[in-house]
Structures are given as C-alpha cells and as structure tokens.
Amino acid sequence: MDWQAETFAIHGGYQQTHEGENSEAIFPTSSFAFASAAQAAARFAGEEPGNIYSRFTNPTVRTFEQRLAAMEGGEACVGTASGMSAILALMLGVLENGDHLVSSQSIFGTTKVLFSKYLAKLGIDTTYVPLTDYEAWAQAITPKTKLLFVETPSNPMTEVADIARLAKLAHAHNCLLVVDNAFCTPVLQQPLALGADVVIHSATKFLDGQGRCVGGAVVGTEALIEESVRGFLRTCGPSMSPFNAWVFFKGLETLPVRMQAHSDNALTLARWLEAHPAVEQVFYPGLPSHPQHQLAMRQQKTGGGLVSFRVKGGQREAWKVVDSVRMIHITANLGDTKTLITHPATTTHSRVDEESRRRAGITDNLLRVSVGLEAVADIQADLARGLDAL
Ligand SMILES: *Cc1c(COP(=O)(O)O)cnc(C)c1O
C-alpha cells in the first residue's frame with residue numbers, strides 16, 4: 001500500500017470480521033479451532049498460514065504488528081509483553097555465547113542491567129561507549145562484535161547520536177545496528193530509513209500514550225523477525241496480550257497528532273525554562289543551544305516530548321520544584337498525555353554509582369519532564385510555583 005505514515009497509523013493492519021465492525025475487534029482467545037485433523041497438521045507443519053495459539057499467532061496482536069511495521073517502514077514486527085522482553089527476544093534470538101555487543105552508555109537503566117547481569121551470565125559481553133564519541137564506538141568493535149545498540153535521544157540528557165553514521169560503522173564490521181526508538185516513535189524518527197537494521201519499542205510509552213498498558217515490539221526484516229525473534233517468542237513466551245495490542249494500535253491511530261502536540265508543548269516549555277532566572281541549563285534537541293541541534297533537526301521531525309533542565313542549586317532546590325507541583329504527576333514514567341516530572345539522580349538513575357552519574361551529567365539539580373498535552377500555560381504555571389520561590 002502506498003500510504004503516508006498518518007494513514008498507516010489509522011488503516012495499517014486493519015481487518016474486518018463478518019460482523020462488519022468499523023473499529024477493530026479484539027480476539028481474546030488462547031487457541032484457535034481447526035476445521036479438520038488435516039488442517040491442524042498443515043498449520044503445525046507451516047504448510048498452511050493461519051492461527052494456532054496466541055503465544056505466537058493472534059489476530060489482534062497481528063494488527064498492532066502490521067500497523068507499527070508499516071509506520072517504521074519495516075518488513076515485519078513482533079509484539080512482546082514489555083519493552084524489556086522486546087530487547088531480550090532480539091538479543092537471545094540473534095546472539096550466542098561468545099558474542100559481543102557495543103552499546104551507548106546512556107541507555108535505559110534496566111536495559112543496562114539486562115546486558116551487564118543477564119546477557120553476561122550467558123557469555124555475551126557488552127562494552128559501553130559515550131553516545132556521541134564515534135571513535136570510541138569504532139575502537140570498541142572486536143571480531144566477536146555482532147551488534148551495536150543505541151538509544152537516541154538519550155535519557156535524561158537528550159543527547160543525539162548520528163544513526164546513519166553508526167549504521168555505516170556497523171555494516172563495515174558485519175554488525176547489526178539496533179535503535180531503541182521509544183522516545184521519538186516512527187512519527188519523529190525512522191531509524192530503518194537511516195540505515196538501522198532493527199528498531200526496538202517500549203510500547204508502554206508514547207505508542208500507548210495514556211499510561212495504560214505495558215508492552216513492546218521489535219521491527220526489522222522479515223527474515224530476522226520471523227525466524228529469530230518470533231521463534232524466541234514462540235518458545236520462551238513473553239507475548240503481548242490481545243487486549244494490550246488493541247490499546248496500543250488504537251494509540252497508534254492518534255500518534256502523529258499526539259507527537260506533534262507533545263513536541264509543540266515541549267519546545268514552548270523549553271524556551272520558557274531557558275529564560276527563567278532560576279534555571280541553569282535546559283537540554284532539549286529542539287533548542288538552538290543543544291549541542292547536536294543541527295543533527296537532531298536533520299534526523300528527527302521535531303525535538304520530541306522530553307525536556308531536562310538544571311535548576312540553580314542542588315538536590316534541595318530540585319526537590320522543591322518537584323514538591324511544589326499540583327497538577328503535574330511525580331512519576332518516573334514518560335510518554336503520557338499527563339505531564340510527568342522526575343528527579344533522575346534519586347529515582348531512575350539512583351542505582352548508578354555517583355561517579356558514572358556525574359560523568360553522564362546527571363547532577364543533583366537535574367530534573368526531567370515528560371511534557372504532556374495539557375495547555376502549556378498550565379504546565380508552566382505549575383513549574384513556576386517552585387521555580388519562582390527559589
Ligand atoms: C521504558 C523503556 C524501556 C523498557 O520498556 P518497558 O515497557 O518498561 O519494559 C526500554 N527502553 C526505553 C528507552 C524506555 O524508555
């Protein structure tokens with residue numbers, strides 16, 4: 001189908017049943033009945049396409065997978081129980097004992113634990129490099145390296161990596177480039193078009209967009225997704241539930257307008273924060289003051305929905321801003337219609353040792369805001385209460 005992304009978001013993967021429903025049905029069934037013993041045998045032998053069992057074939061989950069794959073410009077997609085199980089399914093699907101991966105050091109904290117604790121236990125080692133140090137990426141690659149893993153923009157410092165450049169480096173060494181696209185979503189950034197091989201999602205964030213369900217996805221070529229990743233899912237079982245899939249693909253329908261609105265609010269808020277006398281520094285890819293602003297504007301459609309900033313002072317001043325909010329929710333989640341605020345040093349990054357935290361720029365006076373869809377004047381007023389009092 002030759003549609004644009006906004007149209008795929010609404011019609012991608014649509015399938016109507018004999019009831020003629022306009023909005024997609026949910027198929028809450030664990031297994032599927034066969035017309036005959038011969039058909040059952042043909043399905044299990046892979047000789048006839050069709051549903052078997054919802055651990056690996058469910059029509060509702062398939063609609064989500066096809067819709068997201070179309071939006072990312074990928075051939076195939078697998079929906080998973082969470083963003084973490086999407087990363088796990090990919091890694092165990094494509095890597096084996098003795099393999100090595102190179103990852104940006106500024107990745108989601110739990111992803112780091114997955115690599116350093118659980119993959120390491122299986123003999124798969126990870127080398128971490130600074131996100132924008134391309135020399136370090138190149139030097140970390142060994143003959144055993146199979147995969148480069150990156151999150152851009154990074155959390156919470158919003159640093160931006162050059163996906164096309166990393167893709168070239170990966171391919172020169174016969175490696176896959178994997179991009180966790182949870183922050184931008186395919187609406188703002190299409191890693192596959194820039195040369196990446198695999199896109200990872202935590203559907204929990206912007207794809208749902210209203211903080212309801214936990215889920216994830218892996219997007220890539222048909223060969224890689226169907227053989228390696230769905231094969232893992234079929235056997236190991238961290239599958240997406242039909243209900244969650246339904247919530248997610250209804251979320252995808254409004255994703256293009258939501259991402260634009262999140263970005264508009266975030267840019268307005270970032271500019272306002274930058275001008276506030278109690279704010280030391282603002283980190284937002286959409287601001288000209290951002291170190292990779294040019295690259296971000298080339299690679300992303302907008303700056304996205306996350307803004308981080310340092311208040312003048314330390315943890316006491318940062319916490320004062322957090323504790324003065326009345327509308328904004330204090331939670332470490334992101335990608336919600338509600339504006340959310342978190343103090344990374346004592347929450348999302350509290351398990352990181354102080355030295356690494358300082359090196360990563362996660363100081364005690366840093367706050368991260370996931371900018372929601374409220375009137376931006378109300379978001380500003382809620383933050384101003386604490387900031388004006390500093
Ligand atoms: C939340 C998140 C994950 C993990 O996803 P879950 O759905 O919580 O398992 C992975 N990567 C990024 C960038 C995230 O923000």
Side-chain angles (χ1 to χ4, degrees), residues 61 64 68 72 77-92 101 103-119 126 128 131 147-161 163 177-189 191 196 198-219 229 233 236-241 243-245 247-248 251-252 255 259 262 285 300 304-308 331-336 340-342 344 347-349 351-352 360 362 368-371:
V61 177
F64 166 75
L68 183 61
E72 287 285 3
C77 168
V78 170
T80 58
S82 65
M84 290 318 303
S85 56
I87 302 172
L88 178 71
L90 172 72
M91 295 305 175
L92 294 195
L101 66 124
S103 169
S104 150
Q105 67 192 15
S106 2
I107 53 170
F108 186 66
T110 312
T111 307
K112 220 167 189 177
V113 179
L114 171 62
F115 292 170
S116 297
K117 187 168 174 187
Y118 295 98
L119 291 189
T126 306
Y128 297 100
L131 184 69
L147 183 155
L148 310 187
F149 186 92
V150 71
E151 228 176 271
T152 176
S154 71
N155 175 25
M157 302 311 293
T158 76
E159 278 181 293
V160 176
I163 294 174
L177 176 65
V178 181
V179 178
D180 183 330
N181 204 23
F183 280 19
C184 274
T185 82
V187 173
L188 303 187
Q189 171 171 284
V198 182
V199 166
I200 292 284
H201 272 288
S202 168
T204 317
K205 313 294 165 54
F206 287 104
L207 303 193
D208 175 332
Q210 296 177 59
R212 299 162 294 192
C213 297
V214 174
V218 188
V219 186
V229 187
L233 212 75
C236 302
S239 315
M240 177 177 278
S241 88
F243 176 78
N244 288 4
V247 170
F248 292 137
L252 290 181
L255 190 65
M259 291 315 291
H262 279 294
Q300 306 173 198
L306 284 133
V307 178
S308 292
T331 168
N333 197 19
L334 61 96
D336 200 307
L340 315 172
I341 193 165
T342 189
T347 60
T348 52
H349 291 72
R351 284 177 300 170
V352 180
I362 303 163
R368 187 194 76 191
V369 177
S370 172
V371 184

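The basis for the numbers below is simple: all heavy atoms, side chains too, and nothing from hydrogens, waters or symmetry mates. Counting starts at 1 for both ligands and their atoms, following the listed order.
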Would you mind writing out a table of all protein N or O atoms found under 3.5 Å from any N or O atom of ligand 1, naming both atoms and giving the distance to 0.1 Å?
from	atom 1	to	atom 2	distance (Å)
ligand 1	5 (O)	S202	OG	3.0
ligand 1	7 (O)	G83	N	2.9
ligand 1	7 (O)	S202	OG	2.8
ligand 1	7 (O)	T204	OG1	2.6
ligand 1	9 (O)	G83	N	3.0
ligand 1	9 (O)	M84	N	2.9
ligand 1	11 (N)	D180	OD2	2.7
ligand 1	15 (O)	K205	NZ	2.6

Review point. Is there a side chain to side chain contact (heavy atoms under 4.5 Å, CB included) between L88 and T80 once you walk through the steps?
Key: CA-CA 10 Å; L88 178 71; T80 58; over 6 Å; no
Study note, to complete from the structure: ring-ring contact (aromatic ring centres under 6.0 Å, His included) filter on F149, not counting sequence neighbours, yields F115
Practice item. Would you check if N333 and S370 make a side-chain contact, meaning some heavy-atom pair closer than 4.5 Å? Key: no
Exercise for review: Starting at OH of Y128, measure out to NZ of K112 and round the result to the nearest 0.5 Å.
Suggested key: 6.0 Å
Check your understanding: Any side-chain heavy atom of T111 sitting closer than 4.5 Å to one from M84?
Key -> yes
Exercise for review: Report the C-alpha distance between N244 and V214 in whole Å, list the side-chain angles of each, state the deciding distance to 0.1 Å, and finish with yes or no for side chain to side chain contact (heavy atoms under 4.5 Å, CB included).
Suggested key: CA-CA 8 Å; N244 288 4; V214 174; 5.5 Å; no
